[in-house]
Chemist: 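Here's a structure for you.
What you are looking at is a predicted structure, and each value in this text was computed from that prediction instead of being measured.
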Amino acid sequence: MRRIKSVAALSFAALVMACVQASAQSSVESRLTGLRLNGNEPIEIESDKLEVRETENKAIFTGNVAVTQGPTVLNAGVMTVFYAKDGGSAATGSSNIDRLEVDGKVYVKSDKQIATGDSGVFDMKSEVLTLSGKEVVLSEGNNVLRGCKLTVQMKTGRAQVDGCSKGGRVQMKLDPSSRQ
């Protein structure tokens, strides 16, 4: 198990499904209200294997990757942490991280929200998260949003879900009883 404090960016797990009241279309844009970065809480990372490639400025966690920060949980097959060339260190887990990539049945849960996809990228500099796959699903209780790509701008909370393939459609199911 390893703690990498600035991987707090994994708080992208707070993928809150805002109750967007829009019809299904090729792209749905909304503002996420619960998505936050929290650098104050420690991060715990567990995996079957950790490979540090210091000359490439990266650390690769493979096999049953489990990341926990407070109420947020991320599970994936592989997580690669790319350190900035100007001061980051994969060996020590220092905080100068350029981006994170996750692959292999990505599952993110925070409080009541769940997001799943095939892969994800979090760019630390631009603070943009992209979750993609054959089917990306965001859910909160009985509210479900499906597409193939989710892009979240962490600074503004603005999120966009795109449909699958050219002309594909976003699918949304909203449960009126969830308003309570």
Side-chain angles (χ1 to χ4, degrees), residues 4-43 45 67-76 79-84 86-88 95-103 106-166 168-175 178-179:
I4 300 179
K5 202 167 193 178
S6 77
V7 182
L10 285 174
S11 291
F12 73 74
L15 294 170
V16 177
M17 182 174 145
C19 290
V20 181
Q21 306 230 342
S23 59
Q25 53 190 14
S26 61
S27 176
V28 170
E29 200 168 311
S30 144
R31 200 170 274 287
L32 298 179
T33 58
L35 192 53
R36 302 280 186 270
L37 295 178
N38 187 353
N40 295 328
E41 291 191 53
I43 285 244
I45 303 172
V67 181
T68 305
Q69 182 184 35
T72 301
V73 175
L74 165 75
N75 294 333
M79 180 176 76
T80 305
V81 179
F82 293 88
Y83 292 88
D86 59 349
S95 63
N96 200 358
I97 296 174
D98 184 48
R99 76 183 183 282
L100 304 169
E101 294 181 1
V102 289
D103 270 313
V106 179
Y107 170 89
V108 182
K109 181 177 188 247
S110 183
D111 296 321
K112 298 182 273 183
Q113 299 83 34
I114 297 173
T116 60
D118 296 326
S119 62
V121 176
F122 183 69
D123 184 303
M124 299 290 283
K125 290 178 185 169
S126 64
E127 293 187 31
V128 172
L129 159 74
T130 305
L131 187 61
S132 58
K134 186 174 180 179
E135 181 178 61
V136 174
V137 178
L138 285 89
S139 62
E140 181 176 336
N142 291 329
N143 296 322
V144 180
L145 179 60
R146 286 185 167 83
C148 282
K149 183 178 177 185
L150 166 68
T151 305
V152 180
Q153 296 176 12
M154 303 292 279
K155 289 178 186 176
T156 63
R158 188 169 256 346
Q160 178 173 321
V161 177
D162 295 310
C164 301
S165 71
K166 191 171 185 170
R169 297 172 59 86
V170 172
Q171 299 174 346
M172 181 182 295
K173 177 184 138 192
L174 296 173
D175 182 354
S178 66
R179 286 181 159 172

Chemist: In Å and rounded to the nearest 0.5 Å, what is the CG to CE distance from Leu100 to Met79?
Modeler: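 Answer rounded to 0.5 Å: 6.5 Å.
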
Chemist: Show the nearest heavy-atom pair for residues Gly120 and Val106, with the distance to one decimal.
Modeler: N-CG2, 4.4 Å

Chemist: To the nearest 0.5 Å, tell me how far Ser139 OG sits from Lys173 NZ.
Modeler: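 Taking OG in Ser139 and NZ in Lys173, the distance rounds to 10.0 Å.
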
Chemist: Can you sort out the partners of Thr116 under side-chain hydrogen bond (donor to acceptor under 3.5 Å, both in side chains), two or more places apart, ordered by chain and number?
Modeler: none

Chemist: Using every non-hydrogen atom in the two residues, find where Tyr83 and Ile97 come nearest and quote the distance to one decimal.
Modeler: CE2-CG1, 3.7 Å

Chemist: So, taking the atom named SG in Cys164 and the one named NZ in Lys134, what distance separates them when rounded to the nearest 0.5 Å?
Modeler: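 NZ of Lys134 is found 9.5 Å from SG of Cys164.
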
Chemist: Under the rule for salt bridge (Lys or Arg N to Asp or Glu O under 4.0 Å), what residues qualify as partners of Asp98, not counting sequence neighbours?
Modeler: Lys125

Chemist: Working to the nearest 0.5 Å, report the span between OG1 of Thr80 and CZ of Arg99.
Modeler: 8.5 Å

Chemist: Leu131 and Ser119: which non-hydrogen atoms are nearest, and at how many Å?
Modeler: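 Scanning both residues completely, I find the closest heavy atoms to be CD1-O, 3.1 Å.
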
Chemist: Are Val161 and Met172 packed together at the side-chain level, in the sense that at least one heavy-atom pair is separated by less than 4.5 angstrom?
Modeler: no

Chemist: Which atom pair, heavy atoms only, marks the closest approach of Leu74 to Val102?
Modeler: CD2-CG1, 3.9 Å

Chemist: Do any N or O atoms from the side chain of Asn143 and from the backbone of Asp175 form a donor-acceptor pair under 3.5 angstrom?
Modeler: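 Yes, because the side chain of Asn143 sits within donor-acceptor range (under 3.5 Å) of the backbone of Asp175.
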
Chemist: Do Lys149 and Thr130 have side-chain heavy atoms sitting under 4.5 Å apart?
Modeler: yes

Chemist: Please round to the nearest 0.5 Å and tell me the distance separating atom OG1 of Thr68 and atom NZ of Lys109.
Modeler: 11.5 Å

Chemist: State the CD-OG1 distance between Glu127 and Thr156, to the nearest 0.5 angstrom.
Modeler: 10.0 Å

Chemist: Is the backbone N or O of Tyr107 less than 3.5 Å from a side-chain atom of Asn75, with the two atoms forming a donor-acceptor pair by type?
Modeler: no

